[in-house]
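Please read all numbers here as calculations on a predicted model, not as lab measurements.
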Amino acid sequence: MNGHLDSILPAELDGPGASHLPLASTTNLNASSAEKPLPFRQEAYRWNRGSYSRQRRFVDIWSFVLRLLWARWMYGKAWSYGGTITPEAQASRRRQLAVWIRETLLDLGPTFIKVGQLFSTRADIFPIEFVEELSKLQDRVPAFSYEQARGIIEADLGKPIQTLYRTFDPIPLAAASLGQVHRAQLHSGDEVVVKVQRPGLRSLFTIDLSILKGIAHYFQNHPSWGKGRDWLGIYGECCRILWEEIDYLNEGRNADTFRRNFRGEDWVNVPRVYWRLTSSRVVTLEYMPGIKISHYDALEAAGLDRKRLARLGAQAYLHQLLNNGFFHADPHPGNIAVSLDGSLIFYDFGMMGQVQPLTRQRLMTTFVGVAQRNADQVMESLVELGALAQIDDMSPVRRSIQYILDNFMDKPFEEQSINAISDDLYAVAYDQPFRFPATFTFVMRAFSTLEGVGKGLDPEFNFMEAAKPFAAQLMSNGNPTDGANSLLGELSRQAAQVSTSALGLPRRIEDTLDKLERGDIRVRVRSIETDRALRRISGVTMANNYAILVGAFTLSATGLLLSEFVWLAVVPGVLAVGTGIAFLRSVLKVNRADRLP
């Protein structure tokens with residue numbers, strides 16, 4: 001869940017209603033004893049009050065934006081570094097600024113915590129220091145009171161809480177910016193957890209997102225920051241994800257879909273949704289405790305094979321992505337646990353990604369292009385995916401892709417690191433017209449997270465090595481690749497490529513003619529002889545200008561000398577000498593250009 005079941009944040013109860021029901025067990029689901037709980041304090045954060053002032057939020061949000069813009073302006077000023085700008089000093093300032101941004105987003109509340117977590121996937125927009133710091137943004141915040149939780153449950157489900165549940169623990173198991181989780185028991189005896197949305201969250205989102213829309217318009221219209229960046233598109237994507245994440249009915253549907261996709265695998269468990277006790281702000285799930293996948297000592301104490309768990313984590317995600325196209329977009333360690341029988345347990349289905357069949361086909365084309373080091377094929381498939389914007393001159397982009405492919409393929413496949421690959425891709429994207437869709441960035445972040453989890457479980461784990469069987473299956477499309485079959489397969493691929501090019505030629509000619517009619521085609525011709533002639537004409541013109549100035553300054557100095565203004569004559573005399581030197585340099589440059597072959 002969004003509350004991260006590994007973060008146990010007990011609340012101090014306020015109000016007499018806290019003891020209305022017998023307490024269920026307050027068993028720690030996935031808690032670390034080293035984590036200090038945050039007690040409930042209504043005044044802890046201004047946004048934790050349930051009622052919000054638009055004016056106050058406007059001041060808070062724009063104050064943060066203006067301070068950020070000021071810091072960005074100061075970033076390029078040498079005097080702010082003591083007179084000298086060095087790469088080390090700039091890197092240090094970026095890290096300090098990133099920490100401040102993370103802390104300020106936490107103080108600004110749920111909207112900005114989730115936006116920060118979403119931006120932690122956008123290294124194609126922000127410097128890597130910002131992305132790394134935002135990826136640490138954990139919404140460990142104070143819980144809200146039991147009275148508020150009970151009021152939301154009874155209002156949404158339409159019955160007293162005693163009628164709905166046999167027992168209900170008023171102390172939350174976990175709390176986060178969007179909601180908190182309570183342990184409960186049904187009248188049937190089933191153990192469940194109840195996730196309750198934070199009071200006033202929709203009102204807060206409405207206010208904050210309207211203010212963020214104005215900020216997005218400001219950035220979009222900025223002469224420098226708006227160029228090549230679709231800030232309004234990013235804003236729209238954030239809105240869509242945030243509204244979906246606080247709709248618990250949508251989360252329940254996602255959980256059911258995820259469980260169906262793994263119904264044939266006994267090594268993956270997903271909590272069941274109790275739909276009669278679920279609404280848009282309340283979701284009741286099967287209580288399915290386990291050991292947090294990053295609690296290595298506990299896993300070993302339970303006799304579980306850590307190397308096997310690392311492989312299962314990679315296998316589970318590749319199964320989601322390649323077989324179903326429906327994947328968990330936030331697979332951090334708090335959302336994955338391990339049962340005592342060694343199977344994986346997934347939590348929190350508020351943020352899911354989906355890859356459509358056509359997109360998967362285009363990703364396959366990209367994958368084949370990468371394997372063949374074909375920069376043109378990779379570039380065309382990325383344009384079709386919407387991950388690359390068309391510009392007038394694609395040559396620099398093609399060279400960048402070729403550079404990545406050459407470096408990517410230097411080492412054996414099994415030695416590749418997901419983090420290294422994603423860093424290279426994002427380094428190129430930061431300076432080129434790449435626009436990675438949210439799905440792509442979620443996949444890369446999930447891959448990186450799972451690689452980190454896998455290395456924690458098994459220091460020798462390599463995600464690319466685990467993905468090798470899936471890659472081989474994709475490349476061969478299920479056909480054997482040895483001997484004659486390999487040759488026939490290669491010939492068939494080449495024939496298919498030639499036929500595709502031939503069939504696509506009329507369409508490409510028609511597209512070119514359409515662009516020609518619209519005036520979208522620009523012809524760039526470079527002639528070395530013409531360039532040389534233009535440079536010579538420019539040099540001769542400058543030499544003539546200097547000659548005229550030398551004559552004018554010399555005449556002025558002579559006239560002043562004859563008029564006995566000796567000291568005044570020094571000024572034009574000096575200027576005449578200076579322009580004379582410039583004249584001689586221009587003449588020498590023209591002569592040197594004439595001697596070049």
Side-chain angles (χ1 to χ4, degrees), residues 44-49 51-77 79-81 90-139 141 177-178 200-243 245-246 426 430 435 438 441:
Y45 298 93
R46 283 196 297 269
W47 53 263
N48 198 35
R49 298 174 182 172
S51 59
Y52 311 101
S53 164
R54 177 180 174 82
Q55 291 74 20
R56 182 66 195 184
R57 294 297 294 175
F58 184 89
V59 171
D60 289 344
I61 294 169
W62 270 104
S63 296
F64 163 66
V65 173
L66 293 176
R67 289 179 65 186
L68 185 60
L69 296 180
W70 172 257
R72 186 187 184 281
W73 183 79
M74 292 277 286
Y75 177 76
K77 304 301 177 184
W79 55 266
S80 67
Y81 296 88
Q90 287 189 315
S92 175
R93 180 168 293 187
R94 285 197 302 270
R95 286 191 292 270
Q96 293 173 3
L97 182 59
V99 171
W100 172 78
I101 290 174
R102 176 176 58 81
E103 293 174 348
T104 307
L105 292 179
L106 182 61
D107 187 57
L108 283 173
T111 312
F112 291 86
I113 292 172
K114 303 312 296 183
V115 168
Q117 290 175 345
L118 292 175
F119 279 171
S120 70
T121 68
R122 299 307 300 262
D124 55 325
I125 300 177
F126 302 101
I128 192 65
E129 291 86 358
F130 288 20
V131 171
E132 290 176 351
E133 197 63 36
L134 289 176
S135 65
K136 304 174 186 176
L137 192 61
Q138 300 295 322
D139 44 1
V141 297
S177 56
L178 301 188
L201 193 61
R202 292 181 179 273
S203 172
L204 182 64
F205 269 25
T206 301
I207 294 172
D208 287 354
L209 290 175
S210 66
I211 297 171
L212 282 173
K213 187 174 183 179
I215 295 172
H217 274 288
Y218 172 77
F219 282 125
Q220 190 68 58
N221 296 327
H222 194 278
S224 300
W225 306 329
K227 189 179 299 182
R229 292 279 185 261
D230 185 11
W231 291 105
L232 291 176
I234 295 171
Y235 164 80
E237 182 71 12
C238 288
C239 286
R240 183 187 65 80
I241 293 173
L242 290 176
W243 285 119
E245 194 164 0
I246 64 171
Y426 289 142
Y430 192 67
R435 299 293 176 269
T441 54

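Remark: R72 engages no residue in a side-chain hydrogen bond (donor to acceptor under 3.5 Å, both in side chains) (not counting sequence neighbours). Residues forming a side-chain hydrogen bond (donor to acceptor under 3.5 Å, both in side chains) with S63 (at least two apart in sequence, or on another chain): none. In this structure, the side-chain hydrogen bond (donor to acceptor under 3.5 Å, both in side chains) partners of W100, at least two apart in sequence or on a different chain, are T104. With sequence neighbours excluded, no residue forms a ring pair (Phe, Tyr, Trp, His ring centres under 6.0 Å) with Y235. Here R94 pairs with E129 under the salt bridge (charged side-chain N to carboxylate O under 4.0 Å, His left out) rule; sequence neighbours left out.
Under the 4.5 Å side-chain criterion, counting only non-hydrogen atoms from C-beta, E133 is not in contact with I101. You'll find the side chain of W62 reaches within 4.5 Å of the side chain of V65, heavy atoms only. Between R102 and F130 the shortest side-chain heavy-atom distance does not fall below 4.5 Å. Side-chain contact between F219 and L69 is present, with at least one heavy-atom pair separated by less than 4.5 Å. M74 is not listed as a side-chain neighbour of Y81, based on a closest heavy-atom distance of 4.5 Å or more. In this structure, C239 and F205 have side chains that are not in contact, with every pair of non-hydrogen atoms separated by 4.5 Å or more.
Put simply, CZ on R67 and CG on L97 are 10.0 Å apart, with the number rounded to the nearest 0.5 Å. The line from CD1 of I61 to CG of L66 is 12.0 Å long, rounded to the nearest 0.5 Å.
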Donor-acceptor pairs under 3.5 Å, side chain of residues 208-218 to any protein atom, not counting sequence neighbours: which ones?
unit_1, atom_1, unit_2, atom_2, d
D208, OD1, R57, NE, 2.9
D208, OD1, R57, NH2, 3.2
D208, OD2, R57, NH2, 2.8
D208, OD2, T111, OG1, 2.9
S210, OG, R54, NH1, 2.6
S210, OG, T206, O, 3.3
S210, OG, I207, O, 2.7

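When all heavy atoms of S177 and L201 are compared, the closest pair comes out as O-CD1, 4.1 Å. Scanning both residues, L105 and G116, for their nearest heavy atoms gives CD1-CA, 3.8 Å. Pairing each heavy atom of Q220 with each of L232, the nearest pair is OE1-N, 3.2 Å.
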